[in-house]
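Only one structure is covered here, and it is reproduced in the block below.
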Protein chains: 2
Amino acid sequence: MTTRDGRLARGDRTRTRVLDAAVVLATRNGLDGLSLGQVADALTISKSALFAHWRSKEELQLATIERAREQWLEQVISPALREPRGLRRLWALHRHRIAFYADRVLPGGCFFGNVQFEFNARQGPIHDRLAAILTDWLALIERLAGEAIALGELRPETDPALLAYEAEALGLAAVMQSRLLGPDAVYDHALRSMRDRLRALSTDPTLIKEHE
Amino acid sequence: MTTRDGRLARGDRTRTRVLDAAVVLATRNGLDGLSLGQVADALTISKSALFAHWRSKEELQLATIERAREQWLEQVISPALREPRGLRRLWALHRHRIAFYADRVLPGGCFFGNVQFEFNARQGPIHDRLAAILTDWLALIERLAGEAIALGELRPETDPALLAYEAEALGLAAVMQSRLLGPDAVYDHALRSMRDRLRALSTDPTLIKEHE
DNA sequence: AATCTTTACGACCGGTCGTTCTTTTAGTAG
DNA sequence: CTACTAAAAGAACGACCGGTCGTAAAGATT
């Protein structure tokens with residue numbers, strides 16, 4: 001779907017524009033509350049034009065999830081993976097996750113936080129995709145924790161799955177509380193809790209301190 | 001609004017029935033996705049009958065929040081407050097909170113978890129009420145932590161606000177993950193994380209153990 | 001038993017939703 | 001420049017939404 005000189009075809013450029021707007025709107029109003037009319041209005045195109053790119057609303061919703069995942073990979077996971085492996089990479093992942101919403105990259109809060117709660121009691125392809133993404137996210141933290149244990153930076157009795165659960169919990173609460181109560185102390189709490197936890201589990205407490 | 005012999009009037013009984021159904025439906029579909037037609041159908045009454053009790057959908061939504069709060073008070077907070085004061089009461093609060101959803105009291109997940117994420121980027125009376133409820137909940141945990149410190153059961157350097165944040169985060173993640181990934185290991189994680197945290201902060205590690 | 005209030009019903013309104021269809025525009029290739 | 005095709009516009013659809021209204025039944029009061 002590219003022209004002869006390698007640029008993206010018009011359709012592909014439109015698709016990306018649509019999905020970027022859909023991520024913002026779905027973050028604010030939910031994936032179910034996402035209105036095709038609002039998406040179209042935000043881009044000054046017509047509602048029916050959307051059906052030239054996706055067969056149904058559900059297909060657009062699934063494409064929106066994939067777009068949000070791309071943003072998540074680019075802005076949270078990739079920067080963290082550029083850190084030195086082991087404990088520092090684990091700590092960087094948490095910091096980037098918290099900063100991702102502290103900097104308000106996505107207006108309206110955390111896309112995955114909102115959407116996962118929205119679909120946590122439903123069934124269907126959207127639920128399944130969200131569950132797979134969450135599983136991958138937890139598995140990544142577990143893997144990094146395992147690396148840190150193997151490097152001797154975390155105590156051998158550390159439970160990677162438990163640590164992954166705690167990291168996810170602290171990030172989730174940060175997103176929710178910061179939007180509902182204001183971001184004043186929340187991000188500080190999310191960072192301090194994880195730092196305390198990692199220090200308590202680490203063999204060398206100075207490893208975290210210098211990366212604050 | 002009671003009859004001469006003290007029973008609830010018919011209207012009050014209907015209101016309670018409606019709100020109980022509304023809590024279940026709103027937990028599953030969100031407070032915005034709550035359809036008055038669905039509520040009416042669930043009770044085999046007519047949609048218009050609802051407007052005899054509440055002036056608008058928003059009033060019913062606010063009443064639904066209050067009903068969910070009543071259930072939360074009855075089934076989580078009150079039982080915990082019957083425990084001995086201090087650390088044991090704090091630990092009981094966390095256990096009851098996790099058990100509340102482990103036992104699936106509310107089909108479809110956690111009312112407040114879902115709804116708070118739904119409204120975390122909006123404004124208006126619903127957002128304000130949810131923020132106040134969350135503030136009260138965090139303040140309660142802080143107060144219990146303060147009591148435990150005063151009793152000498154938690155180390156004096158314990159930060160009550162940070163502990164409240166962590167407890168809320170662990171419970172929130174338990175609800176979300178258990179619905180999305182299945183409840184197998186999640187509740188165990190939520191309990192173990194909090195237990196580890198409280199033990200690390202307590203002056204006498206056996207205080208928690210005996211109340212598992 | 002008669003009266004008044006509460007509660008519920010069923011039809012209906014305007015509006016918005018997702019979706020489909022037909023027509024027009026505009027970018028690309030020969 | 002012309003022909004072809006992908007993309008967008010615009011109107012219209014059926015379904016569902018929250019909300020209103022007039023009416024009827026049920027319960028309590030006197």
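Quick caveat, the model's predicted, so the values are computed rather than measured. Throughout, a chain's letter reflects where its sequence line sits, starting with A, and its residues are numbered from 1.
Atom NE2 in A:His53 sits about 17 Å away from atom P in C:dG18, given to the nearest Å. Taking atom NZ of A:Lys57 as the reference point, atom C1' of D:dA15 lies 14 Å away to the nearest angstrom. Residue A:Asp41 contributes atom CG, which lies 11 Å from atom P of C:dT16 at whole-angstrom precision. For B:Gln61 and D:dC17, the CD to C1' distance is 13 Å, given to the nearest whole Å. Between B:Asp32 atom CG and C:dT16 atom C1' there is a gap of 14 Å when expressed in whole angstrom units. The CD-C1' distance, from A:Glu59 to C:dT19, rounds to 13 Å in whole Å. Taking atom CG of residue B:Leu36 and atom P of nucleotide C:dG15, one finds them 19 Å apart after rounding to whole Å. We find that CD of B:Glu58 is positioned 9 Å from P of D:dG19, with the value rounded to whole Å.
Using a 4.0 Å heavy-atom criterion, one finds that A:Leu60 contacts no nucleic acid atom at all.
Side-chain proximity of A:Thr14 to D:dG18, D:dA8, C:dT19: nearest is D:dA8.
Counting only residues at least two apart or in different chains, ring pair (Phe, Tyr, Trp, His ring centres under 6.0 Å) contacts with residues 41-62 of chain B are absent. Counting only residues at least two apart or in different chains, side-chain hydrogen bond (donor to acceptor under 3.5 Å, both in side chains) contacts with residues 133-146 of chain B comprise B:Trp137-B:Glu168.
Within the 4.5 Å cutoff, the side chain of A:Trp91 has heavy atoms near those of the A:Leu191 side chain.
Near DNA chain C, meaning a heavy atom under 4.0 Å from it, residues 43-52 of chain B has B:Thr44, B:Ile45, B:Ser46, B:Ser48, B:Ala49 in order of number.
Below 30°, between 30° and 60°, or above 60°: for A:Phe100 and A:Trp72 the angle between ring planes is above 60°, a perpendicular geometry.
A salt bridge is defined here as a Lys NZ or Arg NE, NH1 or NH2 lying under 4.0 Å from an Asp or Glu carboxylate O, and A:Arg17 with A:Asp20 fails to meet this definition.
Note: B:Tyr187 OH to B:Gln177 CD = 10.5 Å, rounded to the nearest 0.5 Å.
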